[in-house]
2 protein chains.
Amino acid sequence: MIPTDTHDTGTCQRISELLSRIGDKWTLLIVRALGQGPKRFSALKRELGSISQKMLTRTLRNLERDGFVDRKVTPVTPPQVEYALTPLGMDLFRPIAALAEWTFAHADAIDAARHAYDARHPDPDHRAA
Amino acid sequence: MIPTDTHDTGTCQRISELLSRIGDKWTLLIVRALGQGPKRFSALKRELGSISQKMLTRTLRNLERDGFVDRKVTPVTPPQVEYALTPLGMDLFRPIAALAEWTFAHADAIDAARHAYDARHPDPDHRAA
DNA sequence: GACCCGAAGTATCTTATGGAAACCAAGTTA
DNA sequence: TAACTTGGTTTCCATAAGATACTTCGGGTC
């Protein structure tokens with residue numbers, strides 16, 4: 001449980017903010033890709049397949065701004081830009097990995113809870129939104 | 001780091017989905033409140049202060065559907081509805097607490113990275129969106 | 001009868017998120 | 001001169017999230 005004594009409402013919102021960022025559509029996938037080592041923009045795009053350039057740029061910018069990813073430009077033509085995890089980025093994704101393990105272990109329980117709920121509440125409007 | 005061998009793209013999206021849910025505006029605050037013990041709807045609303053009834057209902061429903069929160073109705077008038085964390089809910093929020101600790105410990109580093117980035121990139125458009 | 005309570009549901013609005021496609025700039029190749 | 005490359009940016013659009021205000025319901029009080 002999140003201890004109420006050390007974590008006030010402000011800290012809670014801070015954590016939510018970080019979770020929202022990490023929980024967006026692409027961040028985890030990008031970080032997982034960069035976990036294998038530094039990669040170039042186009043290599044990431046190829047690897048992620050369905051991501052648009054805009055979203056890849058935006059997600060990388062956010063990661064860079066928060067200090068999780070380092071961006072290194074080599075001024076040649078055509079330009080080369082390499083992205084790599086910073087030490088802070090690698091450090092963050094240890095607790096994230098713990099959460100990943102948990103999700104992996106309990107995915108079935110969540111699915112079961114959802115099916116049970118949906119069976120109890122046949123009205124699909126409850127599930128929407 | 002998230003190990004690529006045990007966690008494929010599908011699992012990664014599963015984790016992202018969970019993180020998005022937990023990372024939304026109210027979930028963490030509600031769970032923190034329920035961590036102190038079961039509470040009624042109106043008590044939660046009072047405690048959270050600025051939340052609307054609609055968002056409180058919706059967030060609680062989502063938590064209930066995923067099996068993290070239990071909803072107990074006492075059919076008196078006016079109706080009494082009590083919300084409590086399930087064992088699954090309490091279990092989930094151990095890895096979440098680890099992440100909270102991390103955030104608490106590294107908030108300064110993230111702030112510093114942001115300020116450094118903003119100083120390097122004076123164009124505010126990069127930060128928007 | 002008029003009004004209030006708890007726990008919602010509805011309706012409408014604004015904002016945020018994400019996607020598709022076009023455009024751009026520098027230099028290189030054909 | 002035209003086309004192509006990388007690493008973007010810009011514009012437009014659809015959907016989702018969240019805020020605000022109003023309605024509902026049954027049973028209680030004034």
Side-chain angles (χ1 to χ4, degrees), chain A residues 13 16-30 33-34 38-65 69-84 120-121 123-129, chain B residues 13 16-17 19-30 33-34 38-65 69-84 121 123-129:
Chain A
Q13 286 172 346
S16 291
E17 182 203 325
L18 186 68
L19 286 168
S20 303
R21 163 100 328 138
I22 297 167
D24 73 4
K25 189 167 181 184
W26 298 109
T27 297
L28 259 193
L29 292 166
I30 290 175
L34 289 180
K39 288 188 182 167
R40 292 181 54 187
F41 185 89
S42 46
L44 282 171
K45 180 148 171 40
R46 258 193 309 278
E47 189 169 338
L48 297 174
S50 57
I51 194 172
S52 69
Q53 287 180 314
K54 183 180 118 179
M55 288 315 298
L56 182 52
T57 301
R58 224 153 75 169
T59 310
L60 286 169
R61 283 291 180 291
N62 286 330
L63 285 168
E64 188 195 354
R65 185 162 108 94
V69 156
D70 181 55
R71 180 174 186 265
K72 194 171 64 185
V73 182
T74 308
V76 295
T77 48
Q80 266 194 13
V81 185
E82 200 176 63
Y83 295 91
R120 281 199 307 275
H121 304 270
D123 185 356
D125 293 348
H126 288 316
R127 261 116 61 205
Chain B
Q13 286 172 348
S16 291
E17 182 204 325
L19 286 168
S20 303
R21 162 98 330 136
I22 298 166
D24 73 4
K25 190 167 180 186
W26 298 108
T27 296
L28 259 193
L29 292 166
I30 290 174
L34 289 180
K39 289 189 181 166
R40 294 183 50 190
F41 184 90
S42 46
L44 283 170
K45 179 149 171 40
R46 258 193 309 278
E47 189 170 338
L48 297 173
S50 57
I51 194 172
S52 69
Q53 288 178 318
K54 185 178 121 181
M55 289 313 298
L56 182 52
T57 301
R58 225 151 77 170
T59 309
L60 285 169
R61 283 292 179 286
N62 285 331
L63 285 168
E64 188 196 355
R65 184 162 110 94
V69 157
D70 182 54
R71 181 174 186 265
K72 194 171 63 183
V73 183
T74 309
V76 295
T77 49
Q80 265 193 14
V81 185
E82 200 177 64
Y83 295 91
H121 304 270
D123 184 357
D125 292 346
H126 287 317
R127 260 116 59 205

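All chains are named by letter (A, B, ...) in the order of the sequence lines, taking the proteins before the strands, and each is independently numbered beginning at 1.
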What is the separation between atom [atom1] on [X] and atom [atom2] on [N], rounded to the nearest whole Å?
X: Lys25(A); N: dT15(D); atom1: NZ; atom2: C1'; answer: 11 Å
X: Asn62(B); N: dA8(C); atom1: CG; atom2: P; answer: 13 Å
X: Gln80(B); N: dG6(C); atom1: CD; atom2: P; answer: 11 Å
X: Gln53(A); N: dT6(D); atom1: CD; atom2: C1'; answer: 9 Å
X: Leu60(B); N: dG9(C); atom1: CG; atom2: P; answer: 11 Å
X: Lys54(B); N: dA17(D); atom1: NZ; atom2: P; answer: 11 Å
X: Leu56(B); N: dA7(C); atom1: CG; atom2: P; answer: 10 Å
X: Asp24(A); N: dA16(C); atom1: CG; atom2: C1'; answer: 12 Å

Fill in: Per Met55(B) side chain, nearest of listed nucleotides dT28(C), dT20(D), dG18(D)
dG18(D)
Within the 4.5 Å heavy-atom criterion, are [X] and [Y] side-chain neighbours or not?
X: Arg61(B); Y: Glu64(B); value: yes
X: Leu44(B); Y: Leu34(B); value: yes
X: Phe41(B); Y: Leu60(B); value: yes
X: Ser50(B); Y: Trp26(B); value: yes

If you look at every strand shown and take non-hydrogen atoms under 4.0 Å, does [X] touch a base, only sugar-phosphate, or nothing?
X: Arg71(B); value: sugar-phosphate
X: Lys45(B); value: nothing
X: Ser42(B); value: sugar-phosphate

Between [X] and [N], is there a contact of a side-chain N or O with OP1 or OP2 at under 4.0 Å?
X: Arg58(A); N: dT17(C); value: no
X: Tyr83(B); N: dG6(C); value: no
X: Arg40(B); N: dA7(C); value: yes

Discussion item. Both Pro79(A) and Thr57(A) contact DNA chain D. Which one's nearest nucleotide lies toward the 5' end?
Written reply: Pro79(A)
Response to the item:
Here the gap from Leu48(A) atom CG to Lys25(A) atom NZ, rounded to the nearest 0.5 Å, amounts to 11.5 Å
